[in-house]
*Asks:* 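Structure provided below as structure tokens; questions to follow.
Just so you know, ligand 1 is whichever comes first in the structure, and atom 1 is the first atom listed for that ligand. Count residues from 1 along the sequence.
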Amino acid sequence: MNHRIEPSPGVLYIVGTPIGNLGDLSKRAGMLIKEVSVIACEDTRHSGPFIRRLGSKANLLSFHRHNTQTRIPTLLALLGEGKSLALISDAGLPGICDPGEALICAAKEAGHEVICIPGPCAATTALVTSGLPTNRFCFEGFLPIKGKERKQRLMELQTEQRTSIIYEAPHRLLKLLKELLAICGEQRALHVCRELTKIHEEHIGPTIGAAIEHFKENKPLGEFTIVLGGAVKQKISLSNPDQLINKMQSFIKEGASSNEAARKIAQETGHSKRFLYELLHKNKAKEKK
Ligand code: SAM
């Protein structure tokens with residue numbers, strides 16, 4: 001098989017690095033890191049020793065969430081001068097839950113070629129080991145930490161039929177599991193991956209209830225990726241208004257507006273949103289009498 005010569009001048013390489021096990025670094029990724037002229041990394045102190053061990057003499061530039069916008073013009077100028085540039089994150093595939101996305105977008109807009117040297121990613125590693133359906137899935141990343149936005153995203157997971165992948169910090173894991181319990185029930189399929197590819201790799205499930213029991217006894221330590229099974233589609237009888245009203249009222253109790261509740265049930269049943277909204281309001285008027 002013929003390959004092009006790498007690294008090429010003026011190309012941005014997105015280089016996947018291990019998420020724990022250094023043996024997972026590909027030969028191509030190691031060669032790129034060794035040969036490229038500049039490397040943008042989230043934390044030069046964290047990645048520096050790893051980069052130097054590979055024999056790289058590249059210039060290292062920090063690129064993290066606090067200097068994203070100021071650093072991008074410098075990196076684009078280097079590409080413009082014909083330097084080869086590698087982007088690496090603290091671990092895994094750059095561009096997934098880190099500032100890489102902004103640089104990749106800016107480089108493409110400026111007309112530079114962007115090539116990915118694929119490597120480990122916690123999300124896909126967790127998904128395939130979970131045993132949950134992989135034919136359709138969605139990536140949630142980190143949920144908003146609090147407030148209305150978090151509530152909204154959790155509500156969406158209640159009815160999401162695809163497998164969902166969530167990143168969470170260890171000190172917030174139990175809180176997230178309890179929130180999932182409240183909206184999805186203890187029997188919903190869930191697989192927690194701890195310390196993937198590392199010496200203490202562990203898999204906990206197979207339901208929300210079981211994971212909570214486990215983490216009440218075992219303090220969450222290390223890195224976690226959560227894989228939530230999809231909701232089982234509930235068919236609501238078209239001829240039963242009481243069921244429709246009950247279902248909408250349960251959404252409202254969880255914080256949805258009448259409008260949102262009508263929209264969700266419209267999606268699930270195929271009824272028009274207007275019909276459902278009227279049903280809800282007629283019922284409210286009846287209850288007031
Ligand atoms: N770019 C990375 C990737 O490709 O997976 C993700 C970066 S994100 C800032 C870091 C989060 O990924 C962690 O908080 C954790 O949720 C998840 N993660 C990273 N390494 C992991 C591991 N070894 N096991 C489980 N989850 C991991």
*Asks:* Assess whether a salt bridge exists between K175 and E179, defined as any Lys/Arg side-chain N lying under 4.0 Å from an Asp/Glu carboxylate O.
*Replies:* yes
*Asks:* Which residue, E201, E202, H203, forms the side chain to side chain donor-acceptor pair (under 3.5 Å) with R194?
*Replies:* E202
*Asks:* Should A91 be listed as contacting ligand 1, given a heavy-atom distance under 4.0 Å as the test?
*Replies:* yes
*Asks:* Decide if atom CD of E278 counts as having more than 12 heavy atoms of other residues, nucleotides or ligands within a radius under 6.0 Å.
*Replies:* yes
*Asks:* Could you tell me whether some N/O pair between C193 and ligand 1 is separated by less than 3.5 angstrom?
*Replies:* no
*Asks:* Would you call K151 and E254 a salt bridge, taking side-chain N to carboxylate O under 4.0 Å as the test?
*Replies:* no
*Asks:* Using a strict cut-off of 4.0 Å, indicate which atoms of ligand 1 neighbour a heavy atom of L93.
*Replies:* 1 (N), 3 (C), 4 (O)
*Asks:* Who gets closest to atom 14 (O) of ligand 1 by heavy atom: F224, F142, Y167, F139?
*Replies:* F142
*Asks:* For ligand 1, which atoms, with element, lie under 4.0 Å from some heavy atom of E168?
*Replies:* 16 (O)
*Asks:* Using a strict 4.0 Å threshold on nitrogen-to-oxygen distance, state whether R150 and E140 make a salt bridge.
*Replies:* no
*Asks:* Which of the atoms of ligand 1 are close to C97, meaning less than 4.0 Å from one of its heavy atoms?
*Replies:* 8 (S), 9 (C)
*Asks:* Yes or no: does T197 have any heavy atom under 4.0 Å from an atom of ligand 1?
*Replies:* no
*Asks:* Heavy atoms, side chains only, cut-off 4.5 Å: are T225 and I166 in contact?
*Replies:* no
*Asks:* Closest non-hydrogen protein atom to atom 22 (C) of ligand 1, residue and atom name please, with distance?
*Replies:* L196 N, 3.5 Å
*Asks:* Give me the nearest non-hydrogen protein atom to atom 20 (N) of ligand 1 as residue plus atom name, then the distance to 0.1 Å.
*Replies:* E223 OE1, 3.5 Å
*Asks:* Name the option, out of V192, T225, L173, that contains the heavy atom nearest to atom 26 (N) of ligand 1.
*Replies:* T225
*Asks:* Give the atoms of ligand 1, by number and element, whose distance to some non-hydrogen atom of E195 is under 4.0 Å.
*Replies:* 23 (N), 24 (N)
*Asks:* Is it the case that atom CD in E217 sees more than 12 heavy atoms from other parts of the structure closer than 6.0 Å?
*Replies:* no
*Asks:* Compute the ring centroids of Y167 and F224, then answer whether they are less than 6.0 Å apart.
*Replies:* no
*Asks:* In terms of atom number and element, which parts of ligand 1 are under 4.0 angstrom from non-hydrogen atoms of K198?
*Replies:* 23 (N)
*Asks:* Measuring from atom 7 (C) of ligand 1, which candidate in T17, D98, I96 has the nearest non-hydrogen atom?
*Replies:* I96
*Asks:* Is C121 close to ligand 1, meaning an N/O of one under 3.5 Å from an N/O of the other?
*Replies:* no
*Asks:* How far is atom 18 (N) of ligand 1 from its nearest protein heavy atom, and which residue and atom is that?
*Replies:* A122 CB, 3.4 Å
*Asks:* Transitive ILVMFWY cluster of L221 at side-chain heavy atoms under 4.5 Å: who else is in it?
*Replies:* none
*Asks:* Check residues 94-108 and write down every donor-acceptor pair under 3.5 Å in which the side-chain atom is one partner and the other belongs to a residue at least two apart or another chain.
*Replies:*
| unit_1 | atom_1 | unit_2 | atom_2 | d |
| --- | --- | --- | --- | --- |
| D98 | OD1 | G95 | N | 2.8 |
| D98 | OD1 | G100 | N | 2.8 |
| D98 | OD2 | G95 | N | 3.2 |

